[in-house]
Chemist: 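Provided herewith is a single structure, encoded as structure tokens, for subsequent inquiry.
What you see is a predicted model, and the numbers here were worked out from it, not measured in a lab. Computed from heavy atoms alone, side chains included, the values below leave out hydrogens, waters and symmetry copies.
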Amino acid sequence: MTLQITQLRNATIIIHSGAHHILVDPMLGAKYSLPPLRVFDGKRERNPILDLPPGAAGALEQVTHCLITHCQKGHFDHLDYEGRRFLRERRIPVTCTAHDAGYLARRGLDAQPLAPDSSTPQPFLNGTIQTVRCTHGRGWIGALMEHGVGYLIALPGEGTLYLAGDTILSSAVCQAVERYQPDICVVPAGGARMDLGGEIIMGPDEVIAFAKMARGTVVANHLEALSHCPPTRAALAAAAQAVGVGARLRIPADGERLSF
């Protein structure tokens, strides 16, 4: 088999593995359909700041399953109204944490929670899945956030895939990469900041540090779609090339499908 990943927008991707097409963190609303994420910088720009790419509808027609990394405390950039409607109307099974299961079920979704202690492998499709804790910001800003999880997925014939979720480069993330050395890692790179406080996900510097530590292919997303994520794909690519990790760091455009 050949594992493929379609980058839709922000953290929303589709993982293609044989007959399985797994939608991750669906933010499917139109441009400017969601609230601003910065309000004191004079912009008050609504989100997302661009529409889904051409071809998104066709890619979404393939979806058979869904994974949610986190969705509460206003994290509409990982599950918005249109994402919920899509999952509900199509009755897509949604794998999630036990923490998020009730929240999703109350919104009419087919929530299929992992066991409360999901840091060890559990059955998933024809392979296994386990969680890696996210740290969605440090200090007082981190205390306000919904931290969620990343997922380490092993599918027969496809190797291992690590979806980091919304996280900074924490000790838990470093330990997971060093221990498992996944074949493919998908990491956030947007360096998101609210009006106050530090970065709440990896920015270019942490993505490059991650890529130096990982031996597999690193895919960077969560870029150029939200008003509080200033880094650009071009700047990240240039920085990666300058330190010698550009060949292993892939930065897909929205709508692009990567094959591994």
Chemist: Would you say the side chain of Met27 lies within less than 4.5 Å of the side chain of Pro48, judging by non-hydrogen atoms?
Modeler: yes
Chemist: If I take atom CD1 from residue Ile129 and atom CG from residue Leu163, how far apart are they, to the nearest 0.5 angstrom?
Modeler: 7.5 Å
Chemist: For residues Ile92 and Val24: do they belong to one hydrophobic cluster (side chain heavy atoms under 4.5 Å, members Ile, Leu, Val, Met, Phe, Trp, Tyr)?
Modeler: no
Chemist: With sequence neighbours left out, write down each residue that passes side-chain hydrogen bond (donor to acceptor under 3.5 Å, both in side chains) with His228, or none if nothing qualifies.
Modeler: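 His228 satisfies side-chain hydrogen bond (donor to acceptor under 3.5 Å, both in side chains) with no residue once adjacent residues are dropped.
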Chemist: If only side-chain N and O atoms count, and only distance matters, is there a donor-acceptor pair under 3.5 Å linking His16 with Thr6?
Modeler: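 The criterion, which ignores hydrogens and geometry beyond distance, is satisfied for His16 and Thr6.
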Chemist: Grab the two heavy atoms, one from Val219 and one from Pro252, that are nearest each other, plus how far apart they are.
Modeler: CG1-CD, 3.7 Å
Chemist: Are the side chain of Glu199 and the backbone N or O of Ile168 linked by a donor-acceptor pair below 3.5 Å?
Modeler: no
Chemist: Salt bridge check: are Arg138 and Glu206 linked by an N-O gap of less than 4.0 Å?
Modeler: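 Yes, charged N to carboxylate O under 4.0 Å.
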Chemist: Going through the checks in order, is the side-chain contact (heavy atoms from CB on, under 4.5 Å) test met by Ile22 and Thr95?
Modeler: CA-CA 10 Å; Ile22 309 159; Thr95 298; over 6 Å; no
Chemist: For the residue pair Thr97 and Val149, what are the closest heavy atoms and their distance?
Modeler: CG2-CG2, 3.6 Å
Chemist: Out of curiosity, Tyr151 OH to Thr131 OG1, how far, rounded to the nearest 0.5 Å?
Modeler: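 Between Tyr151 OH and Thr131 OG1, I get 7.5 Å after rounding to 0.5 Å.
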Chemist: Does any part of the side chain of His136, heavy atoms only, come nearer than 4.5 Å to the side chain of Ile201, both counted from C-beta?
Modeler: yes
Chemist: Using a 3.5 Å distance criterion without hydrogens, assess whether the side chain of Glu45 forms a donor-acceptor pair with backbone atoms of Leu226.
Modeler: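 Flag not set: sc Glu45 to bb Leu226 has no pair under 3.5 Å.
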Chemist: Provide the closest heavy-atom pair for His222 versus Ala189 in the form atom of the first, atom of the second, distance.
Modeler: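 Of all heavy-atom pairs spanning His222 and Ala189, the closest is CB-N, 4.1 Å.
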Chemist: Using every non-hydrogen atom in the two residues, find where Ile153 and Leu67 come nearest and quote the distance to one decimal.
Modeler: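 Heavy atoms of Ile153 and Leu67 come nearest at CD1-CD1, 3.7 Å.
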Chemist: Evaluate Phe76 against Leu37 for side-chain contact (heavy atoms from CB on, under 4.5 Å), listing each step before the verdict.
Modeler: CA-CA 10 Å; Phe76 55 73; Leu37 287 164; 3.7 Å; yes
Chemist: Flag yes if Leu79 and Ile13 sit in one hydrophobic cluster, no otherwise; membership is Ile, Leu, Val, Met, Phe, Trp, Tyr, and two members link when side-chain heavy atoms are under 4.5 Å apart.
Modeler: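 Unlinked, Leu79 and Ile13 end up in two clusters.
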Chemist: Could you tell me the separation between the CD atom of Gln112 and the SG atom of Cys66, rounded to the nearest 0.5 Å?
Modeler: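 Here the rounded value is 10.5 Å.
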Chemist: For the CZ atom of Arg88 and the CZ atom of Arg107, what is their distance to the nearest 0.5 Å?
Modeler: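 Arg88 CZ to Arg107 CZ: 10.0 Å, rounded to 0.5 Å.
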Chemist: When you measure from the side chain of Ser17 to the backbone of His20, do you find a donor-acceptor pair of N or O atoms at a distance under 3.5 Å?
Modeler: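 Pair absent, no side-chain N/O of Ser17 close to backbone of His20.
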Chemist: For Cys134 and Thr69, run side-chain contact (heavy atoms from CB on, under 4.5 Å): C-alpha distance rounded to whole Å, both residues' side-chain angles, the deciding distance at 0.1 Å, then the answer.
Modeler: CA-CA 9 Å; Cys134 289; Thr69 62; 5.9 Å; no
Chemist: Side-chain heavy atoms under 4.5 angstrom apart, residues restricted to Ile, Leu, Val, Met, Phe, Trp, Tyr: same cluster for Leu109 and Leu28?
Modeler: yes
Chemist: For residues Tyr180 and Gln130, determine if any side-chain heavy atom of one lies less than 4.5 Å from a side-chain heavy atom of the other.
Modeler: yes
Chemist: Is there side-chain contact between Asp166 and Asp77, with heavy atoms separated by less than 4.5 Å?
Modeler: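 Asp166 reaches Asp77 side chain to side chain.
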Chemist: Would you indicate whether the side-chain heavy atoms of Leu23 and Leu87 approach each other to under 4.5 Å?
Modeler: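 With C-beta onward as the side chain, the pair touches.
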Chemist: Can you name the nearest heavy-atom pair linking Gly148 to His70, along with the distance?
Modeler: CA-CB, 3.7 Å
Chemist: Determine whether Tyr162 and Leu249 fall in the same hydrophobic cluster, where Ile, Leu, Val, Met, Phe, Trp and Tyr are linked whenever their side-chain heavy atoms lie under 4.5 Å apart.
Modeler: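 Same cluster.
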Chemist: Measure from NZ or CZ of Arg106 to the centre of the six-membered ring of Tyr103, then state whether that distance is under 6.0 Å and the direction lies within 45° of the axis.
Modeler: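 So Arg106 doesn't make the cation-pi contact.
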Chemist: Side chains of Val173 and Met202: closer than 4.5 Å at any heavy-atom pair?
Modeler: yes
Chemist: Are the side chains of Val186 and Ile15 in contact, using a 4.5 Å heavy-atom criterion?
Modeler: no
Chemist: Grouping I, L, V, M, F, W and Y whenever their side-chain heavy atoms are under 4.5 Å apart, do Tyr32 and Leu34 come out in a common cluster?
Modeler: no
Chemist: Can you tell me how far apart CZ (Arg9) and CG (Asp51) are? Round to the nearest 0.5 Å.
Modeler: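 CG of Asp51 is found 6.5 Å from CZ of Arg9.
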Chemist: Rounded at 0.5 Å granularity, tell me how far CD1 in Ile184 sits from CZ in Phe260.
Modeler: 4.5 Å
Chemist: Kindly say whether Gly29 contributes a backbone atom to a donor-acceptor pair with the side chain of Asp80 at under 3.5 angstrom?
Modeler: yes
Chemist: Would the distance check show the side chain of Arg257 and the main-chain N or O of Gln4 forming a donor-acceptor pair, the cut-off being under 3.5 Å?
Modeler: no
Chemist: With the side chain counted from C-beta on, respond yes when Leu8 and Leu60 share a heavy-atom pair under 4.5 Å apart, and no when they do not.
Modeler: yes
Chemist: Would you name the heavy atoms of Gln122 and Asp117 that are closest together and state the gap between them?
Modeler: NE2-O, 3.9 Å
Chemist: Could you go step by step and tell me if Asp110 and Arg91 meet the side-chain contact (heavy atoms from CB on, under 4.5 Å) rule?
Modeler: CA-CA 7 Å; Asp110 180 13; Arg91 300 181 182 178; 5.9 Å; no
Chemist: Does the side chain of Thr135 pick up a donor-acceptor pair with the side chain of Arg133 at under 3.5 Å?
Modeler: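 Yes - a donor-acceptor pair under 3.5 Å links their side chains.
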